[in-house]
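What follows is a single structure, written as structure tokens, with notes after it.
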Amino acid sequence: MNSDLLKIQKFLLLVFLLIVFQAFNSSYEKNVINTVDGTIAEDELGFTLTHEHIMSNFGKDISEASEYDEAALLNQVAPYLKKIKTLGVDTIFDCTTAYFGRRVDLLQSIADSTGLKIVTNTGFYGAAGDRYIPEIAYESSAEEISKIWVNEFENGIDGTNIKPGFIKLAFDGGASSEIDIKLFQAGILAHLQTGLTMAVHTGDNLEAFKTQLNLLEQYDVSPEAWIWTHASWGTDIETMIEAARERRVDFTTMTSKSSNILEFIDILQTFKSENLLHKVLLSHDGNGFPGGGEIRPFEAIMKNLIPAMQEHGFNEQEINQIFIQNPKKAFSINVRKTN
């Protein structure tokens with residue numbers, strides 16, 4: 001009798017451990033994204049703008065880049081983002097980096113007061129003539145820089161528990177500089193440690209574009225770990241289509257006056273004809289508090305572009321592909337290697 005009871009107990013214990021293992025394994029494999037209010041499942045992102053600036057101090061000296069009139073900022077930005085939410089937006093990816101005006105404490109306050117999900121970043125901004133690259137980046141190796149970003153991912157940013165949801169980098173125009181290359185290498189190393197996607201300001205700099213691809217190949221990292229930001233800045237459509245076959249392209253030049261709607265319709269129709277809408281990310285590169293000035297709006301997509309897309313034959317599934325499905329796949333935390 002005791003022997004039978006022992007067998008039953010062992011069997012029940014085995015079943016219990018199997019259930020626990022399956023639950024853990026399911027949770028571990030579930031794709032997630034970090035917001036300023038914690039980690040969420042990728043399916044919770046909803047309608048997403050993947051490239052905006054809640055605020056930044058572009059133009060100011062690096063020593064002043066994180067200083068704001070906080071009351072004025074909150075009074076201007078919070079009501080505007082509540083308006084953006086009423087237009088159907090659920091999540092905004094904030095592309096303002098450290099040393100360029102990133103303030104995760106303010107982002108969290110804004111998220112909490114508006115109900116929007118906000119995703120912040122790690123990384124350094126290498127465009128704008130390198131004016132927002134800190135001295136530590138010049139003094140450190142790519143490995144040492146990557147550890148700074150990995151630490152923010154693992155332990156939180158600026159003494160908070162807020163963790164980045166992606167890596168933001170940038171290249172200047174012309175030949176790629178030593179510091180731009182080093183920062184991109186650091187981004188690759190950080191991706192391999194964290195699974196965070198790299199969104200890289202590149203524009204129509206095809207030399208920088210090729211440099212980045214070569215470096216990804218050297219480290220055996222898939223182009224799926226990387227987003228070509230501002231791809232539509234003067235880049236010919238054939239190059240964008242070719243690039244999109246392997247990676248994601250980011251169109252972030254919607255104007256506040258919506259004067260380029262038909263230009264974007266043409267681009268999107270070409271991508272649709274090539275069955276590549278699943279590689280497109282689209283946003284405004286707007287700014288809620290640019291150096292303390294007036295809002296650079298980010299509402300043209302919802303108010304102008306989407307109605308125009310509908311008029312030109314894009315259905316609900318295709319629109320959702322761009323603004324719901326693509327962002328969650330692009331930014332899901334996942335190490336992407338070629339092998």
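The structure displayed is predicted, hence computed values, not measured ones.
Between the side chains of D94 and T120, no donor-acceptor pair of N or O atoms lies under 3.5 Å. A donor and an acceptor atom, one from each side chain of N334 and S332, are nowhere located under 3.5 Å apart. Side-chain contact of T197 with R336: a donor-acceptor pair under 3.5 Å is present, judged by distance alone. A donor atom on one side chain and an acceptor atom on the other are found under 3.5 Å apart for N326 and Q321. Side-chain atoms of Q193 and S146 include no donor-acceptor pair closer than 3.5 Å. In summary, the side chains of T239 and D236 do present a donor paired with an acceptor at a separation below 3.5 Å, with no hydrogens or angles considered. With no hydrogens or angles considered, no side-chain donor-acceptor pair links Q269 and H312 at under 3.5 Å. Using modelled atom types and a 3.5 Å distance limit, the side chains of T235 and D204 yield no donor-acceptor pair.
Salt bridge present: D43 and K328 bring a charged side-chain N and a carboxylate O closer than 4.0 Å. Ion pairing of K163 with E152 is absent here, as no side-chain N (NZ or NE/NH1/NH2) approaches a carboxylate O to less than 4.0 Å.
With a 6.0 Å radius and a threshold of 12 heavy atoms from other residues, nucleotides or ligands, E139 has its CD atom above the threshold. Counting heavy-atom neighbours within 6.0 Å of Q310 CD, excluding the residue itself, gives a total above 12. A 6.0 Å sphere centred on CD1 of I136 holds no more than 12 heavy atoms belonging to other residues, nucleotides or ligands. More than 12 heavy-atom neighbours from other residues, nucleotides or ligands sit within 6.0 angstrom of NZ on K85. Counted within 6.0 Å of CD on E274, heavy atoms from surrounding residues, nucleotides or ligands total more than 12; the atom is thus considered enclosed. Residue K329 places its NZ atom among 12 or fewer non-hydrogen atoms of other residues, nucleotides or ligands, all under 6.0 Å distant.
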Verdict with supporting geometry, T91 and L116, side chain to side chain contact (heavy atoms under 4.5 Å, CB included): CA-CA 6 Å; T91 303; L116 279 168; over 6 Å; no

For ring pair (Phe, Tyr, Trp, His ring centres under 6.0 Å), just list the numbers for F251 and W228, CA-CA rounded to whole Å, side-chain angles, deciding distance to a tenth of an Å, and then say yes or no. CA-CA 9 Å; F251 308 144; W228 176 10; 8.7 Å; no

Side chain to side chain contact (heavy atoms under 4.5 Å, CB included) for R102 and I157? Distances and angles first, verdict last. CA-CA 10 Å; R102 184 188 67 178; I157 298 169; 3.2 Å; yes

Given W233 and H201, is the ring pair (Phe, Tyr, Trp, His ring centres under 6.0 Å) satisfied, shown in steps? CA-CA 11 Å; W233 281 8; H201 172 116; 5.3 Å; yes

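Every residue meeting the ring pair (Phe, Tyr, Trp, His ring centres under 6.0 Å) condition with F323, not counting sequence neighbours, appears here in chain and number order: F47.
Contact annotation: the side chain of I133 approaches that of Y138 to within less than 4.5 Å [non-hydrogen atoms, C-beta and beyond].
If you look at Y99 and Y125, their ring centroids are not closer than 6.0 Å. Checked against the 6.0 Å centroid threshold, F331 and F93 count as a close aromatic pair.
Among the candidates L189, L192, T338, the single residue satisfying the side chain to side chain contact (heavy atoms under 4.5 Å, CB included) test with V221 is L192.
Under a 3.5 Å cut-off, the side chain of N57 and the backbone N or O of A65 do form a donor-acceptor pair.
For the pair K279 and F271, the cation-pi test (distance below 6.0 Å, angle within 45°) is failed.
Screening residues 213-222 for side-chain hydrogen bond (donor to acceptor under 3.5 Å, both in side chains), with sequence neighbours left out, gives no hits.
Taking the six-membered ring where tryptophan is involved, the planes of W149 and F124 are perpendicular, since the angle between them exceeds 60° and thus also 30°. Using cut-offs of 30° and 60° for the angle between ring planes, the H51 and H53 rings count as perpendicular.
Taking all atoms of both residues into account, the shortest heavy-atom contact from V200 to F171 is CG1-CD1, 3.8 Å.
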